[in-house]
Amino acid sequence: MSGRIPRQFIDDLLVRVDIVDLIDSHVPLKKTGSNFVARCPFHTEKTPSFSVNRNRQIYHCFGCGASGNAISFLMDFSHLGFVEAVEDLAAFAGVEVPREFQSSDATQSRNLTSVYEVLEKVAGFYVEQLCKSPEASRAVEYLRARGVGDDVARKFMLGYAPDRWDALVGRLPREALIEAGMLVVKDDGKAYDRFRGRLMFPIRDKRKRVIGFGGRVLDDSLPKYLNSPETSVFSKGRELYGLCELLSENGKPERILVVEGYMDVIALTQFGVLNSVAALGTALSKAHVDLLFRYTSELVFCFDGDNAGRQAAWKGVEAALPCLRDGRQIKIMLLPQGHDPDSLIRAENLSKFMERIATARVLSDYLFENVADGLDLATVEGRSGLASKAKPLIDKVQPGFFKDMMLARLYQLSAVELVENAATLKTTMPNPVRRGGGKQMSLARKVIALLLQYPNVAKAAEIPGESLNGLDFPGAELLRDLLATIALEKPGSSAILIERYRNTDQEKVVGALGVVDLGLPEGGEVAEFEGALHQLVKQGRTLLLNRLIEKETKEGLSDAEREQLRGLLREG
């Protein structure tokens with residue numbers, strides 16, 4: 001951490017940079033009407049559906065749904081974190097990023113730098129031991145037996161941890177080694193090496209910094225694999241082994257193969273399969289899947305065919321369901337019993353292995369096959385059981401055509417009318433105004449969309465004072481917050497206003513409504529906003545009036561509620 005970036009600087013940066021110029025420097029744009037278009041850089045397509053709007057300073061893909069402002073584009077296109085994207089955008093604009101320092105920030109920055117430095121030195125020490133130490137002969141023999149060549153060993157920085165309790169103690173700063181997870185501290189305060197007598201696999205982040213290690217024993221002792229503990233720079237639930245090396249080969253792979261262990265990644269690389277990663281001794285998580293979908297649109301879960309492998313595959317599917325949306329695909333590739341990727345390639349050759357990847361089962365088939373296992377679908381009970389088991393899983397999927405098709409498939413298989421499905425889709429699916437007519441969005445969504453896309457309408461339109469106070473309808477809280485934010489901060493563009501909701505509960509709905517096609521004539525936004533808001537307030541008052549009358553009839557009202565009712569009746 002190197003200090004906080006002032007919010008005002010981020011706002012000024014979004015005003016300074018023209019998003020058309022930024023995106024055009026990465027993806028050539030062509031002007032079409034008032035927008036600029038290109039083939040989407042985030043999914044494969046033949047005709048352009050990626051649109052950039054200079055007035056609003058936002059982009060949107062009508063194919064895959066990707067949308068956002070200049071910062072969002074750099075985060076997704078260049079696989080950057082928020083701070084890194086702001087730094088890159090500042091570099092594009094030719095300005096320095098200011099920092100707001102606190103004493104704790106400076107201390108943490110020094111600590112993290114020290115941890116990264118010590119881990120890099122430890123990795124170099126282990127590499128040196130593997131290459132030069134006679135003690136490492138067992139590790140060298142193991143790698144040779146597995147067919148791992150010197151080039152692959154160097155690529156992954158493979159090393160050897162000496163079978164001693166103090167190989168690192170005294171070699172590097174004690175406190176930094178402890179913070180990096182390389183030393184274990186006993187109750188009496190003495191420390192010893194965490195890794196001893198193991199083949200070492202450095203784990204690197206996408207910036208190629210060593211953040212932790214995995215170590216494999218070379219005899220029958222346990223545990224067979226040992227990983228670094230959680231540290232200030234390492235969380236195994238969010239990192240993947242081999243991702244650094246994969247991205248160095250190809251930043252946008254067609255697909256990524258998810259395998260079970262370190263040696264699976266190493267062995268596949270040795271055979272020329274350069275797109276595999278592995279979880280770090282833990283089940284595949286939603287964070288893992290979200291991370292991988294930043295780089296590709298297709299994942300293939302490749303696990304052993306034994307019970308442990310099948311369980312791992314199913315857990316991976318459950319973790320992945322919330323990450324699925326239109327344009328993303330997951331396949332399941334279970335290997336024959338007794339084989340791992342290394343042994344299977346040797347037994348069948350690389351060509352057949354790649355064919356297995358291409359013909360792996362799609363997630364939908366795999367999910368229904370597993371859920372239906374043991375159920376007799378010829379009976380009402382079996383079909384009912386299928387519906388009750390599958391519906392909660394499908395509910396985890398993001399709204400869209402893929403979810404609709406999954407629900408349709410469930411209906412076909414179970415022949416059970418899912419009464420709640422219509423209500424679920426109505427409340428969860430985005431409700432866009434389609435070009436040329438079609439389904440209309442709710443008034444609340446329309447008013448919010450107008451505010452997001454044309455913040456100035458809040459100033460130009462005649463908004464009745466206090467008109468929204470006390471009204472309760474879907475979106476009311478967000479609408480009030482938007483009006484307050486615009487009045488207080490006066491954002492200079494739609495992009496700046498949308499940026500306010502990054503990393504909030506409203507981020508997704510704001511992102512969707514910020515780019516929905518409202519089909520407005522040029523200059524007609526103020527009148528449209530005034531009319532929609534007036535109608536929304538009228539509807540809200542009617543709902544509140546009916547609610548108060550019903551409550552008065554059933555249980556009575558408080559003095560404040562009774563006064564509120566009188567006011568509504570006076571207003572008519």
Quick one: which residue pairs count as a salt bridge (charged side-chain N to carboxylate O under 4.0 Å, His left out) with a foot in residues 334-353, not counting sequence neighbours?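 Pairs touching residues 334-353 that pass the test: R146-D342, D342-R346, E348-R356.
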
If a pair satisfies salt bridge (charged side-chain N to carboxylate O under 4.0 Å, His left out) and one of its residues is in residues 231-257, list it, with sequence neighbours excluded.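 Listed by first then second residue: K155-E249, R204-E245, R255-E298.
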
Taking the side chain as every heavy atom from C-beta outward, state whether [X] and [Y] have any atom pair closer than 4.5 Å.
{"X": "D365", "Y": "R409", "result": "yes"}
{"X": "F82", "Y": "I71", "result": "yes"}
{"X": "Y501", "Y": "V509", "result": "no"}
{"X": "F303", "Y": "L334", "result": "yes"}

Just by distance, no angles: are the side chains of [X] and [Y] close enough, under 3.5 Å, to form a donor-acceptor pair?
{"X": "H43", "Y": "E45", "value": "yes"}
{"X": "N227", "Y": "Y262", "value": "yes"}
{"X": "N307", "Y": "Q311", "value": "no"}
{"X": "D304", "Y": "Q337", "value": "no"}
{"X": "R216", "Y": "Y142", "value": "yes"}
{"X": "S72", "Y": "R502", "value": "yes"}
{"X": "S351", "Y": "N349", "value": "no"}

Any donor-acceptor N/O pair, [X] side chain to [Y] backbone, under 3.5 Å:
{"X": "K331", "Y": "V362", "answer": "no"}
{"X": "R196", "Y": "D193", "answer": "yes"}
{"X": "T269", "Y": "L274", "answer": "no"}
{"X": "N370", "Y": "Y366", "answer": "yes"}

Please give me the minimum heavy-atom distance between [X] and [Y], naming the atom from each residue.
{"X": "V289", "Y": "L299", "answer": "CG1-CD1, 3.9 Å"}
{"X": "A123", "Y": "M157", "answer": "CB-CE, 3.7 Å"}
{"X": "A320", "Y": "I330", "answer": "CB-CD1, 3.3 Å"}

Can the ring centres of Y160 and Y126 be said to be less than 6.0 Å apart?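 Centroid separation for Y160 and Y126: 6.0 Å or greater.
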
Do F50 and Y59 have their ring centres less than 6.0 Å from each other?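 Yes; Y59 has its ring centre under 6.0 Å from that of F50.
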
So, is the end of the R209 side chain (NZ or CZ) under 6.0 Å from the ring centre of Y116 and within 45° of the ring's axis?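 Satisfied, under 6.0 Å and within 45°.
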
